[in-house]
Chemist: 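Submitted below is the structure of interest, expressed as structure tokens.
The chains referred to below are lettered A, B, ... by the order of the sequence lines, with proteins before strands, and numbering in each begins at 1. When reading the values below, keep in mind they use all heavy atoms of this one structure, side chains included, and skip hydrogens, waters and symmetry mates.
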Amino acid sequence: MDAHVAQLQMQYRNYILSLYQQGFLDDQFTELKSLQDDGSPDFVAEVLSLFFDDCVKLVGNMARALDQTGTVDFCQVGANVHQLKGSSSSVGAKRVKGLCINFKELCEAKNYEGCVRCLQQVDVEYKTLKAKLQDMFNLEKQIVQAGGIVPQVDIN
Amino acid sequence: MVMAAEPQFHVLAVDDSLFDRKLIERLLQKASCQVTTVDSGYKALEFLGLREGVEINDPDAVSTSPVIHQEVEVNLIITDYCMPSMTGYDLLKEVKESSACKNIPVVIMSSENVPARISRCLEEGAEEFFLKPVRLADLNKLKPHMMKTKLKNQKLEEIETPSKVESGTVAAVVEPESEVEPKQIYLQVVQQEEQTVSNNKRKSVEEGLSTHRSRPRFEGITTAV
């Protein structure tokens, strides 16, 4: 059983490292993890849940704003991008944040095609991240169920 | 019953985003602070007893003012800048323009690095301006600011209730050695402040702290801060 736990732990470590290396997460995510403790054991999960709820809401708002057959309110789109940029930055969602930075510029330039494309990318990106983090949480659960402790992964 | 040796700071956090409120709350808890979160500048003013510009030290208003202000001490206000209807800057102004609350340190947070915005806030009296995402290290910088208000309140308590003062009490940094619960002390302080505000007692104490050092025993504390 120990070998199994050790294997799971190694898998977990490698997985986390790959998420950072591939740019899905940045050091803000590390900061969030450090805020979790015995008193608040589900903090990261709760914050991520709020973040993904935000994503659904904001992407929905932007899709509606860009779907106007009349003039598109780029300020409205921009306001939503601003919010998404803020929360992705606070959660360590590096790729989503990066897309938002581009998106903001496209809104300011009132580039309709660009905005539509960027919104699609944002949609794909946050869903990808969500799936990856779900895998991460599943690994954590497996480790605990196998009687092990979830290791602290040192990114540096 | 506050028995801990380390002072408990109470922070009022203001942000319209639930997500950001959750984050700042956890950060503050991790920094060993008591936290109250509100989602707007108006609610913050309500909590502070400054709603609709009615100040607590207005003698006519005292009897009708919300009880909250008299029982809860706020050592720091941390607010988001970008909020609908009332911005963090507006809130900062209201706080700094009120006699009752102007000494509470205010910190502004923003996800945007706009130098003009930052200097405007600092000029209006904000202690710090943090770029989001705020980190634990940023909050630890705030302890000296919060310590100032706690010490100030303790000093006021000493002035108002000299019989309670022991020679060692205030020299030790904020150790609640007296039997009276700290909360009650602040309650007395606030009530007496309100009754005697026309004497400008608080103002003279403030000046004493920053300039004259009229009470030598405080010198070490203020400079240490």
Chemist: Please report all inter-chain donor-acceptor pairs (under 3.5 Å) between chain A and chain B, with distances to 0.1 Å.
Modeler:
unit_1 : atom_1 : unit_2 : atom_2 : d
A:D27  : OD1    : B:R135 : NH2    : 3.2
A:Q28  : OE1    : B:R135 : NE     : 2.9
A:Q28  : OE1    : B:R135 : NH2    : 3.4
A:E31  : OE2    : B:L136 : N      : 2.9
A:L35  : O      : B:R26  : NH1    : 2.3
A:D37  : OD2    : B:K30  : NZ     : 2.9
A:S40  : OG     : B:R26  : NE     : 3.2
A:E46  : OE1    : B:K22  : NZ     : 2.9
A:K104 : NZ     : B:E112 : OE2    : 3.2

Chemist: Mind running side-chain contact (heavy atoms from CB on, under 4.5 Å) on B:F130 and B:L142 for me, showing each step along the way?
Modeler: CA-CA 11 Å; B:F130 290 150; B:L142 299 179; 3.7 Å; yes

Chemist: Walk me through whether A:V96 and A:F24 qualify under side-chain contact (heavy atoms from CB on, under 4.5 Å).
Modeler: CA-CA 8 Å; A:V96 178; A:F24 285 101; over 6 Å; no

Chemist: Might you point out which heavy atoms bring A:T128 and A:V124 nearest each other, and give the distance in Å?
Modeler: OG1-O, 2.7 Å

Chemist: As an exercise, state the distance from CG of A:L106 to SG of A:C118, rounded to the nearest 0.5 Å.
Modeler: 5.5 Å

Chemist: Listed by chain and number, what are the side-chain hydrogen bond (donor to acceptor under 3.5 Å, both in side chains) partners of A:K127, not counting sequence neighbours?
Modeler: A:D123

Chemist: Before you tell me yes or no, could you show the steps for B:V11 and B:V74 under side-chain contact (heavy atoms from CB on, under 4.5 Å), namely the whole-Å CA-CA distance, both residues' side-chain angles and the distance that decides it to 0.1 Å?
Modeler: CA-CA 6 Å; B:V11 180; B:V74 172; over 6 Å; no

